[in-house]
Amino acid sequence: MIDAVITQVAVQEEDFDIAQLQAETMGGTCKEGALATFTGYVRRDNEGEEVDTLTLEHYPGMTERSIEQILQQAGTRWPLLCASVVHRVGTLSPGDRIVWVGISAAHREAAFSACEFVMDYLKTRAPFWKKERGPAGVKWVSVRDTDAARAARWSEQHTP
């Protein structure tokens, strides 16, 4: 399984083109029967507080390697064809795209499950530092208990 997975990782300040990313993740081999994607956006509020901006920082090189490892883990769990992540850094505003995950596979179950797994692990294991700015001031954002619980369930679940 893992030898067949083509992974693409980008951490960038620039916005991304979803149609282009989908086309790249499909690969053109016609082996794909499913493409599952997730696009995350900056919300106007978080935990009841208004958000004016969200600033993401990362450690170049380390963050990309961490994401690559997450994609490789997904490739050991499901028969994937391609797995891609684009994650933005810098200062973003509500409504801005922040992350894109794309998984292609022969069948939908693998594509859906792997996409959810990758997103759960990105939220809890990828080294990003997030700082929200709003009318109440500035605060660092930590991993939520609900995100940690979602990621933990993968270590308990059987995968095909």
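If you're wondering where the values come from, they're calculated on a predicted model, not measured in any experiment.
Of all the heavy atoms in Ala36 and Ala111, the pair that sits closest is CB-O, 3.4 Å. Closest approach of Leu81 to Ala105, counting heavy atoms only: CD1-C, 3.8 Å. Contact record, Leu122 with Val85: CD1-CG1, 4.0 Å, taken as the closest heavy-atom pair. The two residues Val143 and Lys123 make their nearest non-hydrogen contact at CG2-O, 3.7 Å. Contact record, Thr37 with Cys115: C-SG, 3.8 Å, taken as the closest heavy-atom pair.
Residue Val51 is found outside any hydrophobic cluster, as its side-chain heavy atoms come under 4.5 Å of no other Ile, Leu, Val, Met, Phe, Trp or Tyr.
At a cut-off of 3.5 Å, with distance as the only test, no side-chain donor of Ser84 or Glu24 sits close to an acceptor on the other residue. Side-chain atoms of Glu68 and Gln72 form a donor-acceptor pair, as typed in the model, at a separation below 3.5 Å.
In terms of hydrophobic clustering, with Ile, Leu, Val, Met, Phe, Trp and Tyr side chains grouped at heavy-atom distances under 4.5 Å, Ile67 and Phe117 are assigned to a common cluster. In terms of hydrophobic clustering, with Ile, Leu, Val, Met, Phe, Trp and Tyr side chains grouped at heavy-atom distances under 4.5 Å, Val101 and Leu92 are assigned to a common cluster.
Sorted by first and then second residue, the ring pair (Phe, Tyr, Trp, His ring centres under 6.0 Å) pairs with a member in residues 127-152 read His87-Phe128; sequence neighbours excluded. Annotation: salt bridge (charged side-chain N to carboxylate O under 4.0 Å, His left out) contacts involving residues 8-17, sequence neighbours excluded, comprise Asp15-Arg88, Asp15-Arg97.
Checked by atom type and distance alone, the side chain of Thr63 pairs as donor or acceptor with a backbone atom of Pro127 at under 3.5 Å. One N or O on the side chain of Ser155 and one on the backbone of Ala152 form a donor-acceptor pair closer than 3.5 Å. With hydrogens and angles disregarded, a donor-acceptor distance shorter than 3.5 Å links the side chain of Arg77 to the backbone of Trp154. Judged by distance alone, the side chain of Glu64 and the main-chain N or O of Gly61 form a donor-acceptor pair under 3.5 Å. Side-chain N or O atoms of Ser104 include one that pairs as donor or acceptor with a backbone N or O of Thr25 at under 3.5 Å.
A cation-pi geometry, defined here as NZ or CZ lying under 6.0 Å from the six-membered ring centre and within 45° of its normal, holds between Arg125 and Tyr121.
For Asp45, the side chain to side chain donor-acceptor pair (under 3.5 Å) test picks out no residue, with sequence neighbours left out. Not counting sequence neighbours, Arg44 has no partner by the side chain to side chain donor-acceptor pair (under 3.5 Å) test. For Thr55, the side chain to side chain donor-acceptor pair (under 3.5 Å) criterion is met by Thr91, not counting sequence neighbours.
Interatomic distance, Thr39 OG1 to Met119 CE, rounded to the nearest 0.5 Å: 10.0 Å.
Heavy-atom contacts from other residues, nucleotides or ligands closer than 6.0 Å to NZ of Lys139 number more than 12. Shown here is Arg108, whose CZ atom has no more than 12 heavy atoms of other residues, nucleotides or ligands within 6.0 Å. Other residues, nucleotides and ligands contribute over 12 non-hydrogen atoms within 6.0 Å of the CZ atom of Phe16.
A salt bridge links Arg153 with Asp120: the distance from a Lys NZ or Arg NE/NH1/NH2 to an Asp or Glu carboxylate oxygen falls below 4.0 Å. Salt bridge status for Glu50 with Arg43: absent, with no side-chain N to carboxylate O gap under 4.0 Å.
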Determine, stepwise, if the pair Glu57 / Lys130 fulfils salt bridge (Lys or Arg N to Asp or Glu O under 4.0 Å). CA-CA 7 Å; Glu57 299 176 6; Lys130 301 175 183 177; over 6 Å; no
